[in-house]
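What follows is a set of notes on a single structure, which appears directly below.
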Amino acid sequence: MKILVPVKRVVDYNVKVRVKADGTGVDLANVKMSMNPFDEIAIEEAVRLREAGIAKEVIAVSCGVAACQETLRTAMAIGADRSILVESDVDLQPLAVAKLIKAVAAKEQPQIVIFGKQAIDDDANQTGQMFAALMGWPQATFASKVVVSGDTASVTREIDGGAETLEFKLPMVITTDLRLNEPRYATLPNIMKAKKKQLDVLKPADLGVDVTPRLTTLKVSEPPKRGAGIKVADVKDLVAKLKNEAKVI
Amino acid sequence: MSLLVIAEHDNAALKAVTLNTVAAAQKIGGEIHVLVAGSGCAAVAAAAAKIAGVSKVKLADAAHYADQTAENLAALVQANAAGYSHILAAATGGGKNLLPRVAALLDVAQISEITAVESPDTFVRPTYAGNAMATVKSADAVKVITVRSTGFDPVAAEGGSAAVEAVAAAADLGLAKMTGREITKSARPELGAAKVIVSGGRGMGSGENYHKLLEPLADKLNAALGASRAAVDAGFVPNDYQVGQTGKIVAPQLYFAIGISGAIQHLAGMKDSKVIVAINKDEDAPIFQVADYGLVADLFQAVPELIAELG
Ligand SMILES: Cc1cc2nc3c(=O)[nH]c(=O)nc-3n(C[C@H](O)[C@H](O)[C@H](O)COP(=O)(O)OP(=O)(O)OC[C@H]3O[C@@H](n4cnc5c(N)ncnc54)[C@H](O)[C@@H]3O)c2cc1C
Ligand SMILES: Nc1ncnc2c1ncn2[C@@H]1O[C@H](COP(=O)(O)O)[C@@H](O)[C@H]1O
C-alpha cells in the first residue's frame with residue numbers, strides 16, 4: 001500500500017517572527033524556513049511503516065511556492081520514496097490544500113494519508129480533518145501511537161483529559177501529535193540520495209482545484225506586550241509580593 | 001440571524017468551556033441555539049437550556065454519539081446546519097477534531113481559535129504561536145469557528161430557560177470504534193478552569209521530583225498542575241498536562257513556571273496569565289522576560305521553602 005504525507009514549508013520553530021510595521025503580515029525576509037515539525041513526525045511514521053513491510057511506497061506532497069522543493073528533498077532524505085509539488089504562489093488555506101491533496105490522492109490511491117496535526121505558522125489544525133471529510137474517510141487525529149494490521153489500524157489519540165484508542169478501517173487519515181515518534185536525522189548520504197529521487201511538479205489548474213482564499217487577512221498586529229517584571233530577592237519576598245502587591249494569594 | 005453552538009460535555013455534565021463559546025456567539029449577535037449530541041445526555045441538555053442567552057437546545061441522543069467521534073458528529077452537524085449563519089465550538093481537543101470536518105462538509109473555511117469578534121464576519125486569531133494576531137474576514141455564507149476560551153469571559157450558567165427540542169440522529173457511519181479511553185484522574189481543578197496553575201519543566205529532573213515537590217505546592221494553592229513539553233516527553237507527567245502552542249492554552253490569575261526555560265511554544269500557552277512567577281536557576285532564562293516575579297534559585301531549595309512560607 002501507498003502512504004501519502006503532506007508536508008508544509010514553514011518558518012523554523014526556533015525563529016521568533018516579527019510583525020511588519022505596516023501590519024500587512026509577518027516579516028519573512030531572510031528568515032530560516034524548515035519543514036513543519038509535525039510533518040517530520042508524519043514522514044518518520046510513514047517510513048517506519050514501510051520499513052516494517054506494511055507500506056510499499058511513501059510519497060511526500062507539498063503545496064506552495066517553488067522553494068517547497070527543499071522541504072520535499074528533506075522529506076526524501078528522511079526516507080520518502082518520491083514527492084510531488086503542487087506549485088502555487090497563492091496563499092493556500094487549509095480547505096484549498098485539502099482539495100489539492102484530494103486530487104493527488106485520486107491519482108495515487110493511498111490507503112493512509114498522514115498529516116501533521118498543526119502547521120506552526122497558521123496554527124490552523126484543520127487540513128487533515130478537512131481532507132478526511134472530503135474523502136468520507138475516518139480521521140485519527142492527534143495520534144501518539146499507530147498500529148496497522150491488515151486493513152485496520154488501531155490509533156491512540158491525545159485528548160484533553162488523557163488518551164483514547166480507536167480502531168479504524170483503511171483508507172484513513174492520521175494526524176500526528178508530538179509524541180508519536182522521534183524523527184531521525186537525515187544523514188549526508190541520504191541527503192545526497194534524496195537529490196536523485198523523483199520530484200514531480202503540478203499546478204492547481206492541472207488538478208482542477210479552485211484555490212481562491214476564503215479568508216482575507218485585514219491586518220496583522222503584535223500581541224499585547226507584558227510589562228517588565230522584577231526579580232525578587234528570595235522566597236519570603238516573593239510570597240509577600242504575591243500577597244500584598246499582586247493580591248493573588 | 002441564528003447561531004449554533006456545539007456543546008462540549010461527557011454525556012453526564014456540560015463542560016464549562018461551552019459558556020465561553022456562548023459568550024463569543026453573543027458578541028457576534030443573533031439567536032443562539034445549542035446542539036447537544038451524545039448518549040443518555042438529557043441532563044446535559046437541561047443544563048444547556050439554563051445558560052443565559054440561549055434560546056433553544058437541540059438534543060440528538062443516540063448510542064453512536066456516546067464517544068463523540070468526529071465522523072458521526074460532523075454528519076449530524078451538517079444535517080442540522082441549515083439556517084445558521086455561524087457554527088461555533090470550543091477550541092478544545094474535541095472542537096478542533098470536529099469543526100474542520102464540519103467546515104469541509106459545508107465547503108467553507110474554518111476559523112481557528114478566535115480570541116475576539118470584530119463584526120459578524122471579522123475575527124481576531126493568533127498565529128505563529130501567538131506572536132502575530134491576525135484579523136481575518138470570511139467570505140463564506142456560514143462561518144465555522146472554534147473559540148479560544150481565554151478570549152471570552154463565560155456567560156452565566158443559570159438564568160436561561162430555553163426549550164429542548166429532540167432532533168433526529170444521523171446514520172451511524174461506523175468509521176471509528178472506540179476500544180479504550182484513559183482519563184487522567186485528579187481531584188484538582190481542570191487546567192482550563194483553574195485560578196492558579198503550577199507548572200514544572202525539565203528542570204524538575206524526574207517524575208518523582210515533580211510529584212514530590214509540586215503536588216504539595218498545588219495543594220496549598222488549590223492549583224491545577226501543568227507542564228512543559230519537555231516534562232511530558234520525558235514521562236514526568238501525562239500528555240494532557242502540556243501547556244503551550246500545541247498543548248493547552250491557559251490564562252489563570254496566577255501561573256508558576258518552575259524549571260521551565262520559556263521557549264516560545266510554551267509562552268504561547270500561558271503568557272496571557274494575569275500574574276506569572278518564574279523559578280529558574282538560570283538568570284538569563286527567557287521565562288524571566290514574561291515573568292512578573294522572577295526568582296533566580298535552585299528549585300529544589302526554593303519550592304520546599306515556598307511551601308513552608310505559604311503556611
Ligand atoms: C512543534 C513544536 C511544538 C511544541 N509545543 C510545545 C508546547 O505546546 N509546550 C511546551 O512547553 N513546549 C513545546 N515545544 C517545546 C519547546 O520548544 C521547548 O523545547 C520546551 O518548552 C522546553 O521545556 P522546558 O522549559 O521544560 O525545558 P528546558 O528548555 O530544558 O528548560 C529547563 C529549565 O530548567 C532550569 N533548571 C534546571 N534545573 C533547575 C533547578 N535545579 N532549579 C531551577 N531551575 C532549573 C534550566 O535553567 C532551564 O531553564 C514545542 C516544540 C516544537 C518543535
Ligand atoms: N501547503 C501545504 N502543503 C502540504 N501540506 C500541508 C500544507 N498546509 C497544511 N498541510 C498539512 O496539513 C497539516 C495541518 O496544517 P494546518 O491545518 O494548516 O494547521 C500540516 O501539518 C501538513 O501535514
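Lettering of chains follows the sequences in order, A, B, ..., and the numbering in each one begins at 1.
Interface remark: B:Y241 contributes no atoms to any contact with chain A (heavy atom separation under 4.5 Å). Proximity to chain A (any heavy atom under 4.5 Å) is restricted, for B:D272, to the backbone atoms N, CA, C and O. No part of B:Q68 comes within reach of chain A, as not one of its non-hydrogen atoms sits under 4.5 angstrom from that chain. Contacts between B:L173 and chain A at a heavy-atom distance below 4.5 Å are absent for every atom of the residue. Contact annotation for B:L254: only side-chain heavy atoms (C-beta onward) come within less than 4.5 Å of a heavy atom of chain A. Proximity to chain A is limited to the side chain of B:T122, based on heavy atoms less than 4.5 angstrom apart. Proximity to chain B (any heavy atom under 4.5 Å) is shown, for A:A96, by neither the backbone nor the side chain. In this structure, the portion of B:K248 lying under 4.5 Å from any heavy atom of chain A is its side chain and not its backbone. For B:I183, the parts lying under 4.5 angstrom from a heavy atom of chain A are both the backbone and the side chain. With a 4.5 angstrom heavy-atom cutoff, B:A291 touches chain A only via backbone atoms. Both the backbone and the side chain of A:K219 come within contact range of chain B, with heavy atoms under 4.5 Å apart. The parts of B:A176 that come within reach of chain A are both its backbone and its side chain, each placing non-hydrogen atoms under 4.5 angstrom from that chain.
Annotation: the span from A:N14 atom CG to B:I264 atom CD1 amounts to 7.0 Å, rounded to 0.5 Å. A:R214 CZ to B:K143 NZ: the interatomic distance, rounded to the nearest 0.5 Å, is 11.5 Å. The structure places CG of A:D123 at 8.5 Å from OG of B:S112, a figure rounded to the nearest 0.5 Å. Taking CD1 from A:I120 and CD from B:Q245, the interatomic distance works out to 6.0 Å, rounded to the nearest 0.5 Å. Annotation: the span from B:T246 atom OG1 to A:D177 atom CG amounts to 6.5 Å, rounded to 0.5 Å.
Side-chain contact of A:Q139 with B:N97: a donor-acceptor pair under 3.5 Å is present, judged by distance alone.
For B:E71 against A:F168, the heavy-atom pair with the smallest separation is OE2-CE2, 3.9 Å. Minimum interatomic distance between B:A103 and A:M130 (heavy atoms only, all atoms of both residues): CB-CE, 3.8 Å. The minimum heavy-atom distance linking B:N239 with A:I159 is given by the pair ND2-O, 3.9 Å. Across all their heavy atoms, B:N131 and A:P223 have their closest contact at O-CD, 3.3 Å. Summarising the geometry of B:E309 relative to A:V239, their closest heavy-atom pair is CG-CG2, 3.5 Å, with the distance given to 0.1 Å. Nearest heavy atom pair, residue A:D160 against residue B:T92, reads OD2-CB, 3.1 Å.
A 6.0 Å sphere centred on CG of A:D89 holds no more than 12 heavy atoms belonging to other residues, nucleotides or ligands. Within a 6.0 Å sphere centred on CZ of A:R184, other residues, nucleotides and ligands contribute more than 12 heavy atoms. Counting non-hydrogen atoms of other residues, nucleotides and ligands closer than 6.0 Å to CD of A:E245 gives a total above 12. Remark: B:E190 CD is loosely packed, at most 12 non-hydrogen atoms of other residues, nucleotides or ligands lying under 6.0 Å away. More than 12 non-hydrogen atoms from other residues, nucleotides or ligands lie less than 6.0 angstrom from NZ of A:K20.
The side-chain heavy atoms of A:R179 and B:D233, taken from C-beta on, include a pair separated by under 4.5 Å. At least one side-chain heavy atom of B:V277 sits less than 4.5 Å from a side-chain heavy atom of A:L238. No side-chain heavy atom of A:I249 sits less than 4.5 Å from a side-chain heavy atom of B:Q253. Using a 4.5 Å heavy-atom threshold, the side chains of B:T69 and A:L166 count as touching. In this structure the side chain of A:L242 reaches within 4.5 angstrom of the side chain of B:F256, judged on heavy atoms. Put simply, the side chain of A:V235 reaches to within 4.5 Å of the side chain of B:L295, judged on heavy atoms. Put simply, the side chain of A:L215 reaches to within 4.5 Å of the side chain of B:I111, judged on heavy atoms. Contact of the A:K16 side chain with the B:Y128 side chain is not registered, since no non-hydrogen atoms from C-beta on lie closer than 4.5 Å.
Ranked by heavy-atom pairs under 4.5 Å with chain B, the first of A:V15, A:V26, A:V19 is A:V26. Contacts with chain A were tallied for B:A129, B:G174, B:G247; B:A129 has the most, counting heavy-atom pairs under 4.5 Å. With respect to chain A, the highest number of heavy-atom pairs below 4.5 Å among B:I276, B:L310, B:V296 belongs to B:I276. Taking chain A as the reference chain and counting heavy-atom pairs below 4.5 Å, the highest number among B:K274, B:Q289, B:E113 is found for B:K274. Of the listed residues (B:L306, B:D140, B:D67), the greatest number of heavy-atom pairs within a distance under 4.5 Å of chain A belongs to B:D140. Chain B forms the most heavy-atom pairs under 4.5 Å with one residue out of A:G229, A:G128, A:P138, A:A98, and that residue is A:P138. If you tally non-hydrogen atom pairs under 4.5 Å between each of A:K225, A:E222, A:Q118 and chain B, the highest count goes to A:Q118. Interface remark: of the candidates A:M172, A:Q129, A:K243, A:Q93, A:Q129 forms the most heavy-atom pairs closer than 4.5 Å to chain B. Counting heavy-atom pairs closer than 4.5 Å to chain A, the top-ranked of the candidates B:A308, B:A109, B:G180, B:A139 is B:G180. Interface remark: of the candidates A:K117, A:K236, A:Q126, A:R157, A:Q126 forms the most heavy-atom pairs closer than 4.5 Å to chain B.
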Problem - Residues A:K99, B:D107; criterion side chain to side chain contact (heavy atoms under 4.5 Å, CB included); working and verdict - result: CA-CA 10 Å; A:K99 288 179 177 178; B:D107 192 28; 2.7 Å; yes

Exercise for the section: Assess whether side chain to side chain contact (heavy atoms under 4.5 Å, CB included) is satisfied between B:Q242 and A:L178, documenting all intermediate values. Expected result: CA-CA 11 Å; B:Q242 182 177 316; A:L178 293 167; 3.5 Å; yes

Practice task
Check step by step if side chain to side chain contact (heavy atoms under 4.5 Å, CB included) holds for B:L175 and A:W137.
Solution key: CA-CA 7 Å; B:L175 289 172; A:W137 289 5; over 6 Å; no

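Panel note: side chain B:Q265, backbone A:Y13; a donor-acceptor pair is recorded below 3.5 Å. Side-chain atoms of B:T179 come within 3.5 Å of backbone atoms of A:T165 as a donor-acceptor pair (strictly under, hydrogens ignored). Looking only at distances, no side-chain donor or acceptor of B:T135 sits under 3.5 Å from a matching main-chain atom of A:L218.
Salt-bridge check for A:D122 with B:R125: failed, with every basic side-chain N at 4.0 Å or more from each acidic carboxylate O.
A salt bridge (charged side-chain N to carboxylate O under 4.0 Å, His left out) with B:D292 is found for exactly one of A:K231, A:K241, A:R226, namely A:R226.
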